[in-house]
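Notes to accompany the following structure.
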Amino acid sequence: MASSDDTEASLTPVDFIQLQHYMEYSTLRVKDVIKEFQPRGRLAQHSFGECVDAAGFCVFLKTYLEVDDFPTDFCQRLFHYFQHVEQDGTTKSSLPKGGKSVCMSEQALRSTNIWELFPVENVVQHPPVFFLSRGGVFLRDVSCYFSVLEDGQPRDKLEFTFKLYDKDGNGLLDSSEVDRIITQMMRAADYLGWDVTELRPVLKDMMTAIDADDSGTVTLEEWVKGGMNNVPLLVLLGLKMIDRDGQHIWRMKHFNRPTYCSVCQSMLLGLGKQGLCCTCCKYTVHSQCANKNPELCARTFVRSKSEIGIAAHDWIRADCNSTKCQVCHRKIKTLAGRRCVWCQEMRHDECLFSGLSSCDCGPLRDHILPPWAIYAVSKDYCLVVSFRFLQEEDTSLLNVTHDGHILQIVPIPGVHPLLVFVNPKSGGKQGERVLRKFQYLLNPRQVYNLSNGGPGPGYSTLPTTTARSDKADLQVHPPVAVLPLGTGNDLARCLRWGGGYEGSDLREILKEIEASELVPMDRWSIQVIPEDPREAGDPVPYEIINNYFSVGVDASIAHRFHSMREKHPQRFNSRTKNKLWYFEFATSETLSASCKKLKDCLTIECCGRHLDLSSMSLEAIAVLNIPSIHGGSNLWGESKKSDGVPEVENSEVITDPELLKAISQDMSDKRLEVVGLEGVIEMGQIYTGLKSAGHRLAQTSQITIRTIKALPMQIDGEPWMQPPCTIHITHKNQANMLMAAPTKASGFFHLK
């Protein structure tokens, strides 16, 4: 039976997942936070020497993870976890020969002249290590651990961890200090689910190579060079970007069926994540085999114009799993064949040059931008282009090679390659899996991770993407398809892409894009002018409305949801949880009725015509561009033309209740629909189908809203609290959208 100490020294998988969720939404870096605990730092009073006690550790977590009410019990478990790093054998290795450790109470540590306990010559050569009573933890161990897990470039992490333990700043670490860094990396690897028995010999070999002269010390240059040449360590440190063409994008993976290493050809074994798999080409190796010069990943561009248009296969060693060779039609034995990254054709090794040498990119040829359509521009031209872009654009968004060449595209007749933008945090981490799948199915240079500097920040991907398109001032605006990953997905519903992606084969969705129909969608400019510019309010999230704008009770619910998600992101990691939170906030809003008597707080003009709201008791006003809001509610409802009602003429504004009954919504008619809602209960009735629609107030080509008090508002699901202001909404332009073809009701992806 495990002892209580053993239990305290470990964390459960649930703890690991919870910690990861906190870290994903923190904007701080551990190297910046630790400075606050150093002498003269803002939080120096919470540290004692190089240690912190339980209270100081809690302050560190709250500061680093940017949360005010970090769970006390979770904080205690993490504290014991790091506390036991001093008891699992690393303490002895971290102390130089002749070193001392002293266990003292916090009060005694403050009042004792600690230097009296040590001879001066020993203090100079071997500084003492202090532990607080009840167990303190070293901040540098905690910082090293978190730095491995957080986002960032491996080189920066290697340099930070080195300097973290190089306390005297002489640019040297002894082997025991390096062992201490390795220990924290091993603990982080264990947390991530790695098979550490595979990683340990890899790191040991790295240490042997670093200290080649057997001097017992390591310089910063040796440490960084050794780390940057160690593939498993780079993966552990979070290597995600392509530094050079042909470099694999590795990730640790658990395999559900027998899988073989493409280098040593032996089976991958283990209970956890057994090996490394390339996201782009699926090349698979043992951790220790990744450093043994594996085959290069598929190229993503060609080096010169002379190679443009030469459609050649890119063959990668693959476990073909008894698949038939497409040349000789005989089965391919394990690791006896290769697969083309672009057309997915499989052949025996001996059949590679027997079949057609030209690659047609297979079933996804209409979507793939093959490497022979991208070439590197010469450096002379590159300097001119770079200078021009530097005046206008963020250089981090330029598509440049590791040696400074800018990439150019040569269009391929009859091909319509996709440009994919993915928010990996959407849909409770579902976006991360979609990102990897697209990197495999398409050229990785077609797939952009929005968290690495895409069109802009925020949870709503479409508004930021279309805004970036506006800024680029493109001559032709490419059509946009929407893959619904988040919670609302109202536009995706209107365009028949469904209410939520549930993990179906992306290749089928790409086929649906081929058969989709191009439809224009109106986009609207919104200008918010505060009554008192000095009065502080939340920033307006967007300057463009794509889907809807609303003020009142629904925006209040969205604002409370948004605020809670910002404060506790780990609680909002799935679509189901998000909907439950919405339900809870809607229930409390029903009781509080915070937007009661909304008509007394605002006035509405449609093309200069005042809307009379005096006879209605409304708690929300919605301005609609599409027939879906609140995750699938059609507030305008279906329209049926009654006998005797004349044909409605195309007018700038319509407010007659009888005429409004016959008007249908159209996202490309350059008109907005204005709807009133009585409260949360009516919203629920419309969502469940118990009521057909809200109160139709107007159809208009422009609208002005004036408020006299602070009110919650939202644009396309992004809420904010707005002080008294005047709001002008006018037509801006139209975006080209792709609408999926009508499908059978049985298609689960299209369930509304």
Side-chain angles (χ1 to χ4, degrees), residues 488-496 499 519-524 526 545-555 557-558 598-599 602 604-607 609 611-613 615-642 645 647-703 705 713-717 727 729 731 734 737 739 752:
N489 302 320
D490 291 293
L491 182 58
R493 296 170 192 272
C494 298
L495 297 173
R496 302 188 189 134
V519 295
M521 180 187 73
D522 293 323
R523 302 175 69 235
W524 301 81
I526 179 168
I545 300 173
N546 290 301
N547 303 340
Y548 54 82
F549 164 84
S550 71
V551 53
V553 64
D554 65 325
I557 296 170
L598 183 66
K599 63 184 179 183
L602 56 75
I604 303 175
E605 292 180 6
C606 298
C607 296
R609 186 182 303 179
L611 284 186
D612 184 10
L613 306 176
S615 61
M616 291 176 262
S617 178
L618 302 178
E619 292 189 24
I621 300 293
V623 180
L624 308 174
N625 185 47
I626 63 173
S628 182
I629 188 175
H630 306 150
S633 292
N634 185 351
L635 300 186
W636 188 258
E638 299 297 329
S639 299
K640 295 182 179 179
K641 184 178 178 181
S642 304
V645 177
E647 186 74 25
V648 180
E649 295 183 4
N650 187 17
S651 175
E652 292 292 315
V653 57
I654 299 174
T655 58
D656 186 292
E658 292 301 317
L659 294 179
L660 290 175
K661 290 179 182 179
I663 291 178
S664 299
Q665 280 186 280
D666 183 348
M667 67 173 67
S668 59
D669 61 358
K670 300 181 181 179
R671 298 290 184 274
L672 292 167
E673 286 71 39
V674 186
V675 180
L677 294 170
E678 295 178 1
V680 176
I681 294 178
E682 185 178 41
M683 288 169 54
Q685 290 173 332
I686 297 173
Y687 183 82
T688 57
L690 296 176
K691 192 171 183 180
S692 61
H695 298 270
R696 296 187 178 186
L697 301 178
Q699 184 186 65
T700 180
S701 60
Q702 56 179 297
I703 185 170
I705 301 175
M713 302 180 183
Q714 66 172 329
I715 299 173
D716 294 351
I727 300 171
I729 302 176
H731 190 266
Q734 290 187 326
M737 307 300 296
M739 178 179 284
K752 302 298 189 280

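Side chains included, hydrogens not; waters and symmetry mates left out as well; all remaining heavy atoms used.
Residues Leu677 and His630 meet the side-chain proximity criterion, which asks for heavy atoms closer than 4.5 Å. At least one side-chain heavy atom of Leu495 sits under 4.5 Å from a side-chain heavy atom of Val519.
Judged by distance alone, the side chain of Asp656 and the main-chain N or O of Leu659 form a donor-acceptor pair under 3.5 Å. Of the possible donor and acceptor atoms, one in the side chain of Arg671 sits under 3.5 Å from a partner among the backbone N and O of Ser651. A donor-acceptor contact shorter than 3.5 Å is absent between the side chain of Ser664 and the backbone of Ser639. Counting only distance, with no hydrogens or angles, the side chain of Asn547 and the backbone of Leu624 share no donor-acceptor pair below 3.5 Å. Judged by distance alone, the side chain of Asp716 and the main-chain N or O of Phe549 form no donor-acceptor pair under 3.5 Å.
To the nearest 0.5 Å, atom CD1 of residue Ile626 and atom CE of residue Met737 are 9.0 Å apart. To the nearest 0.5 angstrom, Ile686 atom CD1 is 9.0 Å from Asn634 atom CG. Distance check, rounded to the nearest 0.5 Å: OG1 of Thr688 to CE of Met683 gives 11.5 Å. For the atom pair CD (Glu673) and CD1 (Ile654), the distance works out to 9.5 Å, reported to the nearest 0.5 Å. The CG atom of Leu598 sits 12.5 Å away from the CD atom of Glu678 when rounded to the nearest 0.5 Å. With rounding to the nearest 0.5 Å, the separation of OG in Ser615 from NZ in Lys599 is 7.5 Å.
Across all non-hydrogen atoms, the minimal contact from Asp554 to Ala620 is OD1-CB, 3.8 Å. For the pair Leu611 and Ala698, the tightest heavy-atom approach, listed with the atom from each and the gap, is CD2-CB, 4.1 Å. Of all the heavy atoms in Ile621 and Leu697, the pair that sits closest is CD1-CD1, 3.9 Å. Asn489 and Gly499 get closest at one heavy-atom pair: ND2-O, 2.9 Å. The heavy-atom pair separating Asp490 from Ser628 by the smallest distance is OD1-OG, 2.7 Å. Residues Pro520 and Ser668 share a closest heavy-atom pair of O-CB, 3.2 Å.
Partners of Trp636 according to the ring-ring contact (aromatic ring centres under 6.0 Å, His included) rule, which considers only residues two or more places apart in sequence or in another chain, do not exist here.
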Walk me through it: do Gln734 and His731 pass the test side chain to side chain contact (heavy atoms under 4.5 Å, CB included)? CA-CA 9 Å; Gln734 290 187 326; His731 190 266; 4.1 Å; yes

Should Glu619 and Glu682 be marked as a side chain to side chain contact (heavy atoms under 4.5 Å, CB included) after you check the CA-CA gap, both sets of side-chain angles, and the distance that decides it? CA-CA 10 Å; Glu619 292 189 24; Glu682 185 178 41; over 6 Å; no

Would Leu491 and Asn546 count as a side chain to side chain contact (heavy atoms under 4.5 Å, CB included) here? Give the steps. CA-CA 9 Å; Leu491 182 58; Asn546 290 301; 5.6 Å; no

Chi angles and distances behind the side chain to side chain contact (heavy atoms under 4.5 Å, CB included) call for Asp669, Asp522: CA-CA 7 Å; Asp669 61 358; Asp522 293 323; 3.8 Å; yes

